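As the structure is a computational prediction, the values presented were derived from the model and not from experiment. Every heavy atom of this structure was used, including side-chain atoms; hydrogens, water molecules and symmetry mates were not.
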Amino acid sequence: QVQLVESGGGLVQAGGSLRLSCAASGRTFTTYTMGWFRQAPGKEREFVGYISWNGISWNGITTYYADSVKGRFTISRDNAKNTVYLQMNSLKPEDTAVYYCAADTGPLTTLSRNYDYWGQGTQVTVSS
């Protein structure tokens, strides 16, 4: 069992930055792929990015991002602190959403239905 708690959301102006944190409980944190998703009002939850377990992937790729955030967002993890981060730079109003972190025990995936554990979400609002 893994429990995830996100923090770091808030209100920021367009062009600004925020760093979200996701603290995980559970001794096997290092073996999970950690993903970030977001959901804007009236829209489906969408994939933001993931980072593979232990920083070492099965195919040499440790992080992967949606095209909409590539080059602006960066995911990192600190296994010693059981925490994964989402650094968001050059934020745009269309980045406004509730952001969720999730943990997956299976192969790398961008599909939300494949993630086993979810946090409660944190609101990010970007003003124009």
In sequence, state the C-alpha distance, the side-chain angles, and the governing distance for F47 and F37, and then conclude on ring pair (Phe, Tyr, Trp, His ring centres under 6.0 Å). CA-CA 5 Å; F47 171 77; F37 292 79; 5.7 Å; yes
For T105 versus Y32, what's the shortest heavy-atom pair and its separation? CG2-CE2, 2.8 Å
Are Y85 and V48 linked, directly or through other ILVMFWY residues, by side chains that come within less than 4.5 angstrom of each other? no
Cation-pi check, R38 onto Y100 ring (under 6.0 Å, within 45° of axis): no
State whether D67 and K70 are salt-bridged, where the test is any N-O pair (Lys NZ or Arg NE/NH1/NH2 against Asp/Glu carboxylate O) under 4.0 Å. yes
Measuring from atom CG of N89 to atom CZ of R19, what distance do you get when rounded to the nearest 0.5 angstrom? 11.5 Å
Okay, side chain of E6, backbone of C101: is any donor-acceptor separation there less than 3.5 Å? yes
Mind listing the closest non-hydrogen atom pair of Q39 and K43 along with its distance? NE2-O, 3.1 Å
Please check if the side chain of T125 supplies one atom and the backbone of L11 the other of a donor-acceptor pair under 3.5 Å. no
Is there a donor-acceptor pair closer than 3.5 Å between any side-chain N or O of R72 and the backbone N or O of S90? yes
Indicate whether any N or O donor in one side chain lies under 3.5 Å from an N or O acceptor in the other, for T109 and N114. yes
Indicate yes or no for a side-chain donor-acceptor contact from T96 to the backbone of E94 under 3.5 Å, with no hydrogens or angles considered. no
